[in-house]
Number of protein chains: 2
Amino acid sequence: MNISDIAKMAGVSPSTVSRYLNNGYVSEEKKRVIRKVIDETGYAPLTSAQNLRNRKMNVIGVIVPKISSESISHIVDGITDRLRDTDYQIFLANTDNNVKKEIEYLELFENNFVDGVILSATDFTAKHRQILKRYNKPVVIASQNVPGFPCVYNDDEEAAYNAVTHLAQQGAGHIAYLGVMEEDLSAGHGRHMGYLRALADAGLEADKNLEKIVDFTIYSGYNGIQELIDSGEKFDGLFCATDNIAIGAINCMRYSGLKVPDDVKTAAVGDSVVSKALFPSLTTVHLYYDEIGRESADMILGFLDGTAKSTRQLKLSSELCVRESSTFMPDAVS
Amino acid sequence: MNISDIAKMAGVSPSTVSRYLNNGYVSEEKKRVIRKVIDETGYAPLTSAQNLRNRKMNVIGVIVPKISSESISHIVDGITDRLRDTDYQIFLANTDNNVKKEIEYLELFENNFVDGVILSATDFTAKHRQILKRYNKPVVIASQNVPGFPCVYNDDEEAAYNAVTHLAQQGAGHIAYLGVMEEDLSAGHGRHMGYLRALADAGLEADKNLEKIVDFTIYSGYNGIQELIDSGEKFDGLFCATDNIAIGAINCMRYSGLKVPDDVKTAAVGDSVVSKALFPSLTTVHLYYDEIGRESADMILGFLDGTAKSTRQLKLSSELCVRESSTFMPDAVS
DNA sequence: CTGAAAGCGCTTACAG
DNA sequence: CTGAAAGCGCTTACAG
């Protein structure tokens with residue numbers, strides 16, 4: 001069932017059917033009969049033929065490090081949302097935190113499947129830069145600030161700054177830091193910088209012995225704070241680069257007899273769904289990941305339709321959510 | 001840069017280049033020179049032309065209700081994993097729990113983009129059935145048992161049965177139920193049935209007043225148990241259809257002065273990442289969603305390569321994870 | 001307003 | 001082992 005069949009059944013030429021389907025320079029009479037035939041047959045043009053002919057896929061490639069991550073899935077939700085009323089579909093590529101896979105997809109997408117790419121990388125390497133320098137399709141980097149390339153990202157520095165400043169205001173004088181590797185420009189470097197700047201502005205001394213680099217898991221947070229406790233260092237505040245790290249850390253502190261927030265005021269960044277439902281509920285910073293997705297999609301759409309000509313960077317703000325872990329413990333418990 | 005350009009540069013015909021790229025019935029000498037040209041130019045065949053010619057997309061469509069859900073993302077992880085070493089890519093369609101969108105994608109995929117579909121629906125309607133009855137591509141239903149159609153699913157009934165039986169063994173005599181709507185065959189109907197069967201087998205009486213239908217959110221769990229408490233009904237056990245419901249419920253009980261597990265032994269289904277890190281940690285049933293993804297992908301691959309000819313249903317087992325919420329409260333707390 | 005023709009880039013019988 | 005030819009289904013100048 002192709003366009004010629006439809007044309008025959010409708011008693012017109014394939015050109016006319018095509019015109020009906022596209023621009024629509026067709027007489028009302030023929031429109032009627034073509035519509036009828038299409039309705040009856042359920043005909044739909046074959047996209048691969050259209051793609052070949054039009055050099056257009058109507059698909060956006062979305063490369064993400066891990067789909068089973070709350071932040072990533074919200075980015076994807078945001079993209080989906082923005083693309084909803086367009087003709088574009090999403091082609092999702094999951095790299096499983098594997099930089100090699102990421103590069104492969106970038107190269108695959110350059111000649112295939114998609115009209116543009118939204119890339120959420122954890123680590124933007126020289127190789128990334130080299131490929132994107134001469135990429136033949138528009139690319140938007142979601143959730144990371146990469147100067148010189150189109151990107152949409154959170155102000156991680158501000159997020160951390162606000163959380164740590166809040167801890168200081170709550171009376172914490174020795175605020176420990178549980179973060180992730182600096183190579184991660186957003187969650188790693190950015191939040192660490194915010195932590196340091198907040199300490200400085202609050203007149204507190206930075207202490208390398210109170211800082212630990214862990215990874216993104218709950219367990220890693222648990223172990224990280226355990227080491228700190230075992231080392232004998234004293235702290236009355238704790239800032240964690242992510243909610244998951246904080247969840248693990250709080251759990252460990254509880255089993256170690258340290259009370260949150262009484263002994264250790266704690267805050268993190270992420271505002272994951274559970275952060276509100278934890279006990280104590282977690283003071284954390286809400287990052288608008290869905291906005292990142294929406295704005296990234298919007299930006300790529302701009303490049304695709306020619307509206308946006310020059311490169312651009314969009315930085316989004318965040319919102320501190322003060323909860324029990326830095327303030328007070330509800331009565332019911334004691 | 002197309003196959004003819006490459007052919008000219010290599011001094012051969014396009015047919016030979018094509019053969020080099022595919023079957024490979026080419027002399028060693030020409031292979032060498034073609035390889036050289038391709039390496040230098042970075043040429044890659046245009047997929048849309050191949051798609052048109054071969055009537056093959058090398059893409060699996062994956063329709064999911066919500067990507068920002070832990071179980072769904074694990075299904076997607078599993079699919080990605082199984083497809084890793086094949087030529088297939090994933091085309092992800094996010095329906096946002098909108099049945100209409102689900103139908104639209106199903107229809108879209110019938111003539112476009114993909115060779116086969118993995119569908120994770122919450123609600124399998126008559127419309128679904130009607131479309132899939134005469135679908136022209138293989139479809140596998142992930143995470144739901146739909147007799148007559150290929151599917152891979154959890155034994156939800158068994159999962160609930162084991163959890164509730166465990167609560168009874170821990171001494172709970174009045175086990176409340178916080179579940180989701182029966183239309184959801186898996187999380188709703190299946191787990192409810194398991195709950196009822198477990199009560200019966202434990203010699204406990206089912207009590208409609210101890211059952212509440214809520215939705216999938218933490219808040220809904222909170223409110224559900226609040227209503228139950230307000231109604232004055234007494235219960236010393238609680239089974240929740242999902243972890244999130246349990247998280248909300250436990251939180252509510254805490255604020256209401258009910259101790260978990262001392263006053264109310266609690267269990268759920270899901271084994272989400274946080275369930276281990278909650279306080280008390282949550283007794284729950286681990287469902288192998290990644291396995292569902294892997295097996296669904298495997299099944300569709302079987303249909304696509306012709307290995308699998310007849311329809312089939314695959315039911316996966318689960319694993320009860322006993323934790324604090326049904327057993328004991330660690331010392332550190334009291 | 002409409003149709004015949006050409007062509008997008010690829011692959012695969014077919015003939016040699 | 002290799003190349004010329006035909007064709008996948010569509011769209012868009014072009015001529016009328």
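These numbers were taken from a predicted model, which means no experiment stands behind them. Letters A, B, ... are given to chains in the order of the sequence lines, protein chains preceding strands, and every chain is numbered from 1.
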Which part of the nucleic acid does [X] contact within heavy-atom distance under 4.0 Å: base, sugar-phosphate only, or nothing?
X	answer
A:Leu52	base
B:Tyr20	nothing
B:Asn51	nothing
A:Ser27	sugar-phosphate
A:Ser15	base

Next on the checklist: Would you compute the distance between atom NZ of B:Lys66 and atom CZ of B:Phe216 and round it to the nearest 0.5 angstrom?
Outcome noted: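 One finds 12.5 Å between NZ of B:Lys66 and CZ of B:Phe216.
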Whole Å only: how far is the [atom1] atom of [X] from the [atom2] atom of [N]?
X	N	atom1	atom2	value
A:Ile3	D:dG7	CD1	C1'	16 Å
B:Asn111	D:dC8	CG	C1'	16 Å
B:Leu46	C:dG7	CG	P	18 Å

Would one find a side-chain N or O of [X] under 4.0 angstrom from OP1 or OP2 of [N]?
X	N	value
A:Gln50	D:dT11	yes
A:Thr16	C:dG3	yes
A:Arg55	C:dG9	yes
A:Lys30	C:dC1	no

Quick one: does B:Arg19 reach the base of D:dG3 with a side-chain donor-acceptor pair under 3.5 Å?
yes
Counter-base of C:dA4, judged by Watson-Crick or G-U geometry with both distances under 3.5 Å: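 None - no nucleotide pairs with C:dA4, as no candidate has both distances under 3.5 Å.
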### Counterpart base for D:dA13, defined by Watson-Crick or G-U wobble contacts under 3.5 Å
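The answer is none; no pair meets the criterion.
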Of the nucleotides [options], which has the atom closest to the [X] side chain?
X	options	value
B:Asn2	C:dT11, D:dT11, C:dC10	C:dC10
A:Arg53	C:dG3, C:dT12, C:dG7	C:dG7
B:Ser18	C:dG9, C:dT11, C:dG3	C:dT11

Taking for A:Glu28 and for A:Pro14 the nucleotide of DNA chain C with the nearest heavy atom, the one nearer the 5' end belongs to A:Glu28
| When you measure from the side chain of A:His128 to the backbone N and O of A:Thr125, does any donor-acceptor pair fall under 3.5 Å? |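 Yes; judged by distance alone, with no hydrogens or angles, the pair exists.
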For this session: Give a yes or no on whether the backbone of A:Ser186 and the side-chain of A:Asp184 come within a donor-acceptor separation of less than 3.5 Å.
Result: yes
| field | Salt-bridge present (A:Asp115, A:Lys56; N to O < 4.0 Å) | value |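 Salt bridge flag = yes for A:Lys56 with A:Asp115.
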Practice problem: Give a yes or no on this: more than 12 heavy atoms of other residues, nucleotides or ligands lie within 6.0 Å of atom CG of A:Asp39. | Solution: yes
